[in-house]
Amino acid sequence: MQEVPFHFNASKNLEILSKTAFLTTHYGDKTNVMVTAWGALGVMWKLPVFVAMVRQSRYSYSLIEKTREFTVTFPYTDMSKTAEICGRLSGKNIDKMSLAGLTTRPAHKILTPVLDVSGMHLECSVIYARPMSADKLDSAIQELWYDRQRNDYHVFFVSQILDSYIIP
Ligand SMILES: Cc1cc2nc3c(=O)[nH]c(=O)nc-3n(C[C@H](O)[C@H](O)[C@H](O)COP(=O)(O)O)c2cc1C
């Protein structure tokens, strides 16, 4: 494991994110993983941040609401099989960890573990959470991605990156 700055390999990691990254949550004895392809890496309030976008219907959303933390994995190995499970099935009803054969390592700064896979990992603690306001949204994006009736907009979880490292 190699400690690296949060912006290390940023270009590579954002390229990976745009296809498939993983967001891990943990509450009680339950660990859950979902696929994420939308998010932002940057600086806010002089802090390194990752902004996760999670729809309120996700089981992951309910866990982040409880713990205000999560980890992010930018995989450096092919995880397409894992993504099929974690990006389509909900942890509400099943244990995706065992179904996908995933194992974890304890994180350093938070209780949520990181996936024990090759890649870069972020330990994130939520410092601001904001649901999207439909009335402030660009109409083309509204049309493309959201159904007003379902009201399943994303919540932006602005999270301080407390630690970042690479598992080879
Ligand atoms: C490529 C891809 C990217 C995704 N990105 C997001 C995302 O950024 N935010 C989100 O809320 N859901 C996203 N999803 C959907 C969730 O991964 C999916 O609904 C998952 O089953 C949620 O699991 P959960 O209910 O256990 O949290 C994505 C799915 C795929 C396949």
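Counting starts at 1 for both ligands and their atoms, in listed order.
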L122 CG to T24 OG1 distance, which is reported to the nearest 0.5 Å: 11.0 Å
Aromatic Y27 / basic K66 pairing, under 6.0 angstrom, 45° off normal: yes
More than 12 heavy atoms of other groups within 6.0 Å of L111 CG: no
Residues, nucleotides or ligands: over 12 heavy atoms within 6.0 Å of W38 CH2: yes
Residues in the immediate environment of ligand 1 (any heavy atom closer than 4.0 angstrom): K19, N32, M34, V35, T36, A37, W38, M53, V54, R55, R58, Y59, S60, C86, G87, R88, L89, S90, G91, K96, H154
Y153 side chain to D147 side chain, donor-acceptor N/O pair below 3.5 angstrom: no
Pairs involving residues 102-111, ordered by first then second residue, that meet side-chain hydrogen bond (donor to acceptor under 3.5 Å, both in side chains) (sequence neighbours left out): R105-D116, H108-D163
